[in-house]
There are 2 protein chains.
Amino acid sequence: MRSPTAPPTVRDVAARAGVSPGTVSKALNGTGQLRAATRDRVTAAAEELGFRPNHLAKSLLQGRTYTVGILTTDSFGRFTTPVMVGIEDALGAGRMSTLLCDGRGDPLRERHYVQELLNRRVDGLVVTGRRPDPRPSLGRLPIPVVYVLVQSEDPEDLSLSYDDVQGAALGTEHLVGAGRKRIAYVSGPERHWSTQRRREGVEQALVAADLSLAPELVLMGPWSEAWGRSAATQLLRRDPDVDGVVCGSDQIARGVVDGLREAGADVPGRVAVVGFDNWDVMVEAARPPLTTVDPNLTALGQLAATRLMDAIDGKELPRGVQLQPCDLVLRQSSV
Amino acid sequence: MRSPTAPPTVRDVAARAGVSPGTVSKALNGTGQLRAATRDRVTAAAEELGFRPNHLAKSLLQGRTYTVGILTTDSFGRFTTPVMVGIEDALGAGRMSTLLCDGRGDPLRERHYVQELLNRRVDGLVVTGRRPDPRPSLGRLPIPVVYVLVQSEDPEDLSLSYDDVQGAALGTEHLVGAGRKRIAYVSGPERHWSTQRRREGVEQALVAADLSLAPELVLMGPWSEAWGRSAATQLLRRDPDVDGVVCGSDQIARGVVDGLREAGADVPGRVAVVGFDNWDVMVEAARPPLTTVDPNLTALGQLAATRLMDAIDGKELPRGVQLQPCDLVLRQSSV
DNA sequence: GTGAAAGCGCTAACAG
DNA sequence: CTGTTAGCGCTTTCAC
């Protein structure tokens, strides 16, 4: 016999309303033809019993769960969090829930989670993570998959990210437009994808303006403020005429600004500085506040979720890498 | 008839292995007595078909979903993220999944999500968020609930957090132990719970050391670096003999350190500074790096998940507010 | 309009 | 050891 603490079922509601389970279903879902009085009686009974329709049973029957999995390759961090906020935002509006899995950079663990999500019959999957360079595909799965921030090696997969090259070019064009001629690039480790892509952007923009990126004004190091400070003094030593710096991150930019100011080089009077990330904490605390490139991570998450929902609804998923443009946010470090 | 693209079921596996569905279940779950050969045949068939046991069906049958809901009151942020990492960590080890819901500070939305999670028959619920002051309970639910970081008003609920008073006292004792006598407290907005609790901690520690917190050395403002810088100059003006500062956050502490240094007051030579949060980015970039109080947020998340799993396994959930101790992390701003 | 019956995929209980 | 049966909670024909 049913335990008295077990949640009420359609049958309990049916009994209380004096109808059949089928009728309860129709009444509560607004399907079929029901007399208003019956409908009300059922609704009342459900209310009184605190009836909560079992989503599992529905899913089992309908073959879809209204759930998508989010798999992070590395843990959640500063870059994945805004993306997840965007995903949650877009999915929540479509009444879908998200099952969260943290791969922690372990491919084995990752594979295990994919299996688990498939067992749970999620309708789709978003793969995200910090490292933007191409990573192995999860392979062909029976459900649509969107990679966001991370990039799949398989061109058949849809990978969504922001455009590093365009972003860095945007920041550079801004400096050039303000009349700067001797522009430096200070960024993260040389081997990093972002460092390289952003460098390309800087070079492209300079070339387009009949300028060039002097090799001695390209400085790469760790992604830290300390490195930015150190790079600033190096820059002034290498070329006292440097008048603009495009940075690979806001942390570095903040360090650069501090380093310049403390070396007596006015920002933006003598040197204008542009950051990358639009990370509120860095950007606002810097003196002066940083002009920076905004990769629009939350919008990216929303886009990923939207594409995924389209695919779940039967629309074909685009293929390949799609890069969204970055925006420039003006603050005092460049004007 | 079954669509050829539909995922294979136990029946498909059974047919292929030449056994019955019941046998497949036993073979794949290691229950009951099976001949090794049969088991192998089933395993092989399952493998070949790419069989993924439908978790929904299991859950429906067993009345357990091995899923817990995480409901954030505000969105995910700097404080909730480490907590969620901890939760994920502890739950993942127990092979449970997490369903993520973002209440976005909207009580209506929050209630809606609770209903949705109940419909989905989650085994338990973690409520978290940024604001540490007591908030309305979700009320009696048919599943165990743990509040973490946020605090429920209902003393019947279990609320887990870190101990602001002890944390601030710890930082203060450290300064006192290093011989500091004129200690200031610079923190966030006066009305904030954390600001008040941490002030209590500072006062208690000072009183215990036969010192006291001079009213003119208590400065409250926004949670920003800029405020910390401004507070630093005010402090030096109000009492040039100030020799220690306990700060309400690492951001403020970093501002204080910058403000002091730029006013010519050596840190830690003349003034020792302690922060709060142990936020890597702030703590490491500060000059000098910050001694700070670590609220151990990830451990808190793990604890919450552990308690919840115990409760799901039938163990009674403790009641009331349980505060975990903070740790002190020594760096150069205080020694 | 409403009820009865079948079935989603799985496991547990009981036969054999 | 393995097969058969029943049923988790719900929706969906199809009768009435």
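Each chain gets a letter, A, B and so on, in the order its sequence line appears, and its residues count up from 1.
Of the candidate nucleotides C:dA4, C:dG9, D:dG9, C:dA4 has the atom lying nearest to any side-chain atom of A:S20.
Straight-line distance from the CZ atom of A:R121 to the C1' atom of C:dG9: 9 Å, rounded to whole Å. When rounded to the nearest whole Å, the span between CG of A:L56 and P of C:dT11 equals 14 Å. To the nearest angstrom, C1' of D:dC10 lies 15 Å from OH of A:Y66. Computed from coordinates, the B:N54 CG to C:dG9 P distance equals 7 Å when rounded to whole Å. Rounded to whole Å, the distance from CG on B:L61 to P on D:dT5 is 18 Å. When the C1' atom of C:dG9 is taken as reference, atom CG of B:D12 falls 10 Å away, rounded to whole Å. Nucleotide D:dT11 holds its P atom 13 Å from the CZ atom of A:R11, rounded to whole Å. Nucleotide D:dG9 holds its C1' atom 16 Å from the CG atom of B:L118, rounded to whole Å.
Checked by atom type and distance alone, the side chain of B:S159 pairs as donor or acceptor with a backbone atom of B:S152 at under 3.5 Å.
Near DNA chain C, meaning a heavy atom under 4.0 Å away, the residues from residues 25-41 of chain A are A:K26, A:Q33, A:L34, A:R35, A:T38.
The pair A:R104-A:D106 does not count as a salt bridge, with every side-chain nitrogen at least 4.0 angstrom from each carboxylate oxygen.
The salt bridge (Lys or Arg N to Asp or Glu O under 4.0 Å) analysis of residues 43-70 of chain A, with sequence neighbours excluded, yields the pairs A:R16-A:E48, A:R64-A:D123, A:R64-A:D313. Sorted pairs that involve residues 142-154 of chain B and meet salt bridge (Lys or Arg N to Asp or Glu O under 4.0 Å), not counting sequence neighbours, are lacking altogether. Listed by first and then second residue, the side chain to side chain donor-acceptor pair (under 3.5 Å) pairs involving residues 94-103 of chain A are A:T72-A:D102, A:S75-A:D102, A:E88-A:T98, A:S97-B:R120 (not counting sequence neighbours).
Dashed line: the shortest gap from a side-chain N or O of A:K58 to OP1 or OP2 of D:dC10 is not under 4.0 Å. Regarding contacts with the backbone of C:dG3, a side-chain N or O of A:T23 is found under 4.0 angstrom from either OP1 or OP2.
Residues A:V148 and A:V127 fail the side-chain proximity criterion, which asks for heavy atoms closer than 4.5 Å.
Remark: the A:D157 side chain and the A:S137 side chain contain an N/O donor-acceptor pair separated by less than 3.5 Å.
The minimum heavy-atom distance between A:T80 and A:R130, with the atom names listed, is CG2-N, 4.1 Å.
Looking at residues two or more places apart in sequence or on another chain, you find a side chain to side chain donor-acceptor pair (under 3.5 Å) between A:Q302 and A:D89.
The residue A:V19 sits close only to the backbone: its heavy atoms come under 4.0 Å of sugar-phosphate atoms, none of a base.
Rotation axes derived from the C1' atoms of the five outermost pairs at either end of the helix from C:dG1-D:dC16 to C:dG16-D:dC1 lie 50° apart, to the nearest 10°.
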